[in-house]
Each structure stands twice: as structure tokens, then as C-alpha cells.
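Residues: numbered from 1 along the sequence shown. A quick note: this is a predicted structure, and the numbers were derived from the prediction, not measured.
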Amino acid sequence: MAKNILTIDQVREALFLDADADYAMLEQYSRAASHFIKQKTGYDYAQDESVEPLAVTCAKLYVRQLHFGAQGYNKEHDYTLGLTALISDLQDLAR
């Protein structure tokens, strides 16, 4: 099984969910965040022995964007600026 940037517990915490949150949804978010970062940076941060903290932060913002933005635009949960800045930093690190 492929390793993801975020563990299930990290996804749950990022979304402020209880321990009984839907495991399949959390796993999907975790995979999606890892895939998003790999696609944008060309580097698989999930495979590092110690995952880059910026990648973890970016992945958390991405899952929040997916989860809280699912019903349309919500300015209180617009993480676009933070995601863009973190992706830029991660691209630089990947080089």
C-alpha cells in the first residue's frame, strides 16, 4: 500500500472530526492530498523517511479545502492563497 503524506489521524485532526469519522472518506482525502502535491511539485514527499513539514501543512490545507469547500465557495475556508504559496515553496525544495 502506498504511503500518504498525512495519516488518517492527521486528516481527522485537520478536519476537526471525531474518532468515529468515516474511515474511507479520510483515506480518500489523504490519497488526494498526496496526489495533488506530487502532481504540482513533481516530487513524492510521502516517500521520504521523515515527511517534509511544509508538505504536511499543505496537505492539511488541501483536505480542508476539499472538505469544507464541497458545498461551494466559503470565504472562511478558502485556502487558495496558502496552498499556492506552499506549493511554490515545495516546488523549490523539490528542485
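The structure places CG of Asp89 at 9.5 Å from CD of Glu52, a figure rounded to the nearest 0.5 Å. The CG atom of Leu17 lies 6.5 Å from the CG atom of Leu26; values are rounded to the nearest 0.5 Å. For the atom pair CG (Asn4) and CD (Gln47), the distance works out to 8.5 Å, reported to the nearest 0.5 Å. Here Thr41 contributes atom OG1 and Arg95 contributes atom CZ; the two are 10.0 Å apart, rounded to the nearest 0.5 Å. Interatomic distance, Ser88 OG to Leu54 CG, rounded to the nearest 0.5 Å: 11.0 Å.
Ile8 is listed as a side-chain neighbour of Tyr23, based on a closest heavy-atom distance under 4.5 Å. Using a 4.5 Å heavy-atom cutoff, the side chains of Tyr45 and Leu93 are in contact. Here the side chains of Ser30 and Thr7 are not in contact, with every heavy-atom distance at 4.5 Å or above.
Of the listed residues (Val11, Leu86, Leu15, Leu6), just one forms a side-chain contact (heavy atoms from CB on, under 4.5 Å) with Lys60, and that residue is Leu6.
Scanning both residues, Ala94 and Tyr43, for their nearest heavy atoms gives CB-CB, 3.6 Å. The minimum heavy-atom distance between Ala33 and Val63, with the atom names listed, is CB-CG1, 3.9 Å.
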Output, in order, the C-alpha distance, side-chain angles, deciding distance and verdict of side-chain contact (heavy atoms from CB on, under 4.5 Å) for Val51 and Lys3. CA-CA 11 Å; Val51 179; Lys3 184 177 169 192; 4.3 Å; yes

Given Asp44 and Ile37, is the side-chain contact (heavy atoms from CB on, under 4.5 Å) satisfied, shown in steps? CA-CA 8 Å; Asp44 189 357; Ile37 293 170; over 6 Å; no

Determine, step by step, whether Leu90 and Lys40 satisfy the side-chain contact (heavy atoms from CB on, under 4.5 Å) criterion, reporting the C-alpha distance in whole Å, the side-chain angles of both residues, the deciding distance to 0.1 Å, and the verdict. CA-CA 9 Å; Leu90 289 169; Lys40 294 294 183 182; over 6 Å; no

Do Ile87 and Phe36 pass the side-chain contact (heavy atoms from CB on, under 4.5 Å) test, and can you show the C-alpha distance, the side-chain angles, and the key distance before you say yes or no? CA-CA 10 Å; Ile87 287 294; Phe36 170 78; 3.8 Å; yes

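Classified by interplanar angle (parallel below 30°, tilted 30° to 60°, perpendicular above 60°), the ring pair His67/Tyr29 is perpendicular.
Applying the salt bridge (charged side-chain N to carboxylate O under 4.0 Å, His left out) criterion to Asp18, with sequence neighbours excluded, gives no partner residue. Partners of Asp9 by salt bridge (charged side-chain N to carboxylate O under 4.0 Å, His left out), not counting sequence neighbours, listed by chain and number: Arg12.
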